[in-house]
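None of these values were measured; they are calculated from a predicted model.
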Amino acid sequence: MYNYDFNGLKGVLSSEMKQHLGDEEYEWLGKNAALVSSEDGASNLNLSFSLLPRKTGSAIIRQDELQRDELEMIRSGFSVDKWPLHRLCRTWLLLHVSAEEKDNYCGKIETLFANAEMNELADLYASLSVLAFPKFWIDRCAEGVRSNMGVVLDAIMYENPYPSEYLDEAAWNQLVLKAFFTAKDPNRIIGIDERANEHLASTLVDYAHERWAADRHVNNQLWRLVGPFIDERNFEDLKKVFHSDDEHSRNAAALSLTQSSFEPAHRLLDASPELKNDIDNKKLKWIDVKP
């Protein structure tokens, strides 16, 4: 049903809400959570989910390291840091929907998805990793990747462990490609390196060729997903980037070369000992490479 400490998460989110809400707003949420948890709470869920931002506002949550670590221990990869307050409260509200009966539970939340406006959709997608019956939401997540709404894509891609944990390779690759097409920050995509794969690397190299042919810039972060799959087919592309006049492009190529087991890649990097030394000593990391 749930793959984490459910009650622990509810408690942490409740404490976070208390820090940002007045007594009246917190009491309103508590009453509605009780109604939502009832057997026939569908209509209450729809209404309270929609009305909630008017009660809570949209202040941005700022968590310190201890708070982030506490959530990480309960649900790996899950974070509410930098969330709008209404997203935190909506997620907490969703945790009160009874999951005793799968069809009833999933039907209630699917109704929210079906009727949601943009910000409601974003909040729902951001909550995917803490919903019950996680495999049920795979198709819903893949559908969200096809959205053209930036706030929805941000909710799916950024600091959200669900896609990397549950999407199959094709859907995952589509998410990563969409991230590059829409100029998202790969550093904020959980699992971006762990789920690198040969098919994605090949597709990204083709994409880079298209950008170069049109005399357009190629996001330097793209090469982090090619590095583990450097071979004779794409090595010349890495050499081109490595010899670029742009510092960040050179750094990206160097980092990519360190990920490779292809011997010519090692020899190329050895030709720049200072750059190699910075990488070996962790002075240069992907987070330092500008797009």
Side-chain angles (χ1 to χ4, degrees), residues 13 16-17 20-21 25 28-29 32-33 36 41-63 75 77-97 105-134 136-167 171-192:
L13 297 190
E16 188 72 52
M17 291 191 311
H20 296 87
L21 295 173
E25 291 79 12
W28 180 88
L29 270 171
N32 279 274
V36 164
S43 60
N44 291 308
L45 174 63
N46 297 338
L47 182 60
S48 56
F49 195 86
S50 176
L51 289 176
L52 190 147
R54 303 179 202 176
K55 298 288 185 178
T56 65
S58 302
I60 301 300
I61 304 296
R62 304 290 182 185
Q63 291 194 304
R75 175 60 174 99
F78 180 69
S79 173
V80 301
D81 190 38
K82 301 182 181 66
W83 273 18
L85 181 55
H86 60 73
R87 180 171 296 174
L88 169 69
C89 296
R90 277 175 166 157
T91 299
W92 182 80
L93 191 67
L94 290 173
L95 296 180
H96 289 78
V97 180
Y105 173 88
C106 294
K108 288 177 180 178
I109 296 178
E110 277 287 88
T111 298
L112 290 177
F113 271 107
N115 297 318
E117 49 81 36
M118 183 178 66
N119 288 310
E120 291 171 352
L121 272 178
D123 292 352
L124 285 164
Y125 279 115
S127 302
L128 283 179
S129 64
V130 297
L131 296 181
F133 311 107
F136 179 86
W137 310 105
I138 292 173
D139 289 344
R140 174 60 70 180
C141 183
E143 179 181 321
V145 173
R146 296 190 289 271
S147 171
N148 291 319
M149 292 181 279
V151 66
V152 170
L153 291 175
D154 287 353
I156 296 171
M157 294 179 181
Y158 288 166
E159 290 85 40
N160 189 341
Y162 185 89
S164 64
E165 292 175 350
Y166 290 100
L167 291 183
W172 171 258
N173 289 354
Q174 184 61 41
L175 180 149
V176 175
L177 287 168
K178 189 70 171 281
F180 282 108
F181 293 162
T182 56
K184 301 299 182 186
D185 181 0
N187 291 294
R188 297 181 63 185
I189 300 176
I190 293 177
I192 187 73

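For the atom pair CG of L13 and CH2 of W92, the computed distance is 9.5 Å after rounding to the nearest 0.5 Å. Atoms CH2 and SG, from W28 and C89 in turn, are 9.0 Å apart once rounded to the nearest 0.5 Å. Distance CH2/W137 to CG/L124: 8.5 Å, rounded to 0.5 Å. Once rounded to the nearest 0.5 Å, the distance linking CG of N46 with NZ of K108 reads 9.5 Å. Atom-to-atom distance recorded for D154:CG and T182:OG1 is 8.0 Å, nearest 0.5 angstrom. Atom NZ of K82 is separated from atom CZ of R188 by 7.0 Å, given to the nearest 0.5 angstrom.
L29 is not listed as a side-chain neighbour of K55, based on a closest heavy-atom distance of 4.5 Å or more. No side-chain heavy atom of N160 sits less than 4.5 Å from a side-chain heavy atom of I189. At least one side-chain heavy atom of L93 sits less than 4.5 Å from a side-chain heavy atom of S48. Between F136 and Y105 there is no side-chain heavy-atom pair separated by less than 4.5 Å. Under the 4.5 Å side-chain criterion, counting only non-hydrogen atoms from C-beta, Y162 is in contact with I138. Looking at heavy atoms from C-beta onward, I60 lies in side-chain contact with R62 at the 4.5 angstrom threshold.
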Let me see the working for R75 and E165 under salt bridge (Lys or Arg N to Asp or Glu O under 4.0 Å), right down to the final yes or no. CA-CA 12 Å; R75 175 60 174 99; E165 292 175 350; 2.6 Å; yes

Could you go step by step and tell me if Y166 and S129 meet the side-chain contact (heavy atoms from CB on, under 4.5 Å) rule? CA-CA 10 Å; Y166 290 100; S129 64; over 6 Å; no

May I have the step-by-step check of side-chain contact (heavy atoms from CB on, under 4.5 Å) for T91 and V80, ending in yes or no? CA-CA 10 Å; T91 299; V80 301; over 6 Å; no

After noting the C-alpha distance and the side-chain angles of L112 and E110, does the key distance pass the side-chain contact (heavy atoms from CB on, under 4.5 Å) rule? CA-CA 5 Å; L112 290 177; E110 277 287 88; over 6 Å; no

Under the criterion side-chain contact (heavy atoms from CB on, under 4.5 Å), I'd like the reasoning laid out for L88 against L85: C-alpha separation, chi angles, the key distance, then a yes or no. CA-CA 5 Å; L88 169 69; L85 181 55; 4.0 Å; yes

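Residues that satisfy the side-chain hydrogen bond (donor to acceptor under 3.5 Å, both in side chains) test with N32, not counting sequence neighbours, are absent from this structure. For K178, the salt bridge (Lys or Arg N to Asp or Glu O under 4.0 Å) test picks out no residue, with sequence neighbours left out. With sequence neighbours excluded, the residues satisfying side chain to side chain contact (heavy atoms under 4.5 Å, CB included) with D81 are Q63, R68, S79. Listed by chain and residue number, P161, S164 satisfy the side chain to side chain contact (heavy atoms under 4.5 Å, CB included) test with I190 (two or more places apart in sequence, or in another chain). For D123, the side-chain hydrogen bond (donor to acceptor under 3.5 Å, both in side chains) criterion is met by H86, R87, R90, not counting sequence neighbours.
You'll find the ring centres of W83 and F78 inside the 6.0 Å limit.
Listed here is the closest heavy atom pair of M118 and V152: O-CG2, 3.9 Å.
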Atom pairs and distances, donor-acceptor, side-chain atoms in residues 141-150, under 3.5 Å, two or more places apart:
from : atom 1 : to   : atom 2 : distance (Å)
E143 : OE2    : R140 : NH1    : 3.4
S147 : OG     : M149 : N      : 2.9

